[in-house]
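On a predicted model such as this, the values are computed, not experimentally measured, just so you know. Every heavy atom of this structure was used, including side-chain atoms; hydrogens, water molecules and symmetry mates were not. Atoms within each ligand, like the ligands themselves, are counted from 1 in listed order.
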Amino acid sequence: MPNSKYSFETISMIGLGYIGLPTATLFASRKKKVIGVDVSEHAVNTINSGKIHIVEPELDMLVHAAVTEGYLRATRTPEPADAFLIAVPTPFKGDHKPDLSYIESAAKAIAPILNKGNLVILESTSPVGATEQMSAWLSEARPDLTFPQQAGEEADIQIAHCPERVLPGKVVHELVSNDRIIGGMTRKASEMSVALYKIFVEGACIVTDARTAEMCKLTENSFRDVNIAFANELSMICEKLEISVWELVELANRHPRVSILQPGAGVGGHCIAVDPWFIVDTTPDEARLIRTAREVNDFKPEWVLNKIKAAVLDTMATKQGSTISDIKVACLGLAFKPDIDDLRESPAVDITRNLAALGCQIVAVEPNIEVLPPKLAQANISLATLDEAVETADVICVLVKHTPFIEAVETLRQHAYCIDSVGIFA
Ligand code: SAJ
């Protein structure tokens, strides 16, 4: 039950992306007045017309209802509210150092309209200490108000870190049902945050401090990264030893306390390939396993590319008088994981682009998109159907385990040269 000590009539979400928009919409679906803020005019206009600018199951209907019923409105300029949630990107810079500039901009944008009694929650995945840093930025901008670092429980503005932890493709369901880590800078901030999330969260809201909450989110994604790296390393070992890694993983997982993940073409997306670096950056001497796992996973696309290159050279050798531009390679899958349309930081996109740079003809098959992304818009790459690709390609490489590829496994099996980086034949 929501804590009746605190009431939130107006909630503002800063950042209307993959996390911010679904979160804002769920508050609105519980009949709260929600003001969504985003720097993108396109995002703001799309949302205000009741549509969405991202792809996420179920979200379109919810946004449409929230906007037409008048509970959700988007704007580029922040407005006063009872609670502010910040869900902006936290990428890293070239040297793997976290880039907190979006958090800084968001803090500076809301500082002028903060009122005594407000709650500010940082949801963006952040390095340990970022919530305190955000509070310091707010305090600098508003010397007339007190913040937890000065006034603790009595502060005018309460601050917390409550990381999002939902799986792309299942965001709406997981936002409601997953347990939530609530890291207040004070006990009061945690209490207020629990009351706020309980408006729509059905999972448990577990209270800790802000630094532990920050580390918890980084730990979850590092855990997955390290485990995927183990699977990827095994795949490279098995290749040398002429053992099927897929069979090996299946057999080892028959042990009651073994649960190995799946090797693939590498780790993509905006989360798992980024967040472990935040731990490495703060504790470089201690985070040896976490760093190595990142390196193993970052190397995997190069390893897959080398396998495909070898197949291309082999094929050239069998086709008398052919040059590299005569060889057609079918790249099956471009998304960063199965059955989604998201190509962000996708190893499959990088492999495809690097293959094209060799000079071969590429037919890319990605059932979840209609046009090639700008990164792949070049003369020797075309988008094709699976049937076209299988019919014409000299070499096929399966880069993503999309369902339509699994369904076509028997056809793929008959092709003379098919490189399987995701275990489609297992
Ligand atoms: N992958 C493998 N083998 C596997 C599992 C995944 O190679 O066995 C690859 C995928 O193909 C993909 C990458 O790893 O390229 C990441 O995919 P994912 O499904 O593991 O994770 P994301 O990035 O979609 O979402 C993760 C989730 N974190 C955890 O599962 C610990 C999600 O709960 C987080 O909210 C999200 O990161 C985030 O926003 O941080």
Legend entry - From Cys331 atom SG to Ile381 atom CD1, the distance as rounded to the nearest 0.5 Å: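 If I round to the nearest 0.5 Å, the distance is 8.0 Å.
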Legend entry - Plane angle bin for Tyr197 and Phe27 - parallel if under 30°, tilted between 30 and 60°, otherwise perpendicular: tilted
Legend entry - Modelled atom types, side-chain donor and acceptor of Glu295 and Asn297, under 3.5 Å: no
Inset, instruction - Would you check if there is a donor-acceptor pair between the side chains of Glu202 and Ser177 at a distance under 3.5 Å? - result: no
Inset, instruction - Please examine the side chains of Gln262 and Val422, heavy atoms only from C-beta on, and report whether any two atoms are closer than 4.5 Å. - result: no
Inset, instruction - Just jot down the side chain to side chain contact (heavy atoms under 4.5 Å, CB included) partners of His270, sequence neighbours excluded, or say none. - result: Arg344, Glu345
Inset, instruction - At a heavy-atom distance under 4.0 Å, which protein residues reach ligand 1? Sort them by chain and number, would you? - result: Glu164, Arg165, Val166, Leu167, Pro168, Lys217, Glu220, Asn221, Arg224, Ile228, Leu261, Gln262, Gly266, Val267, Gly268, Cys271, Ile272, Asp275, Phe336, Lys337
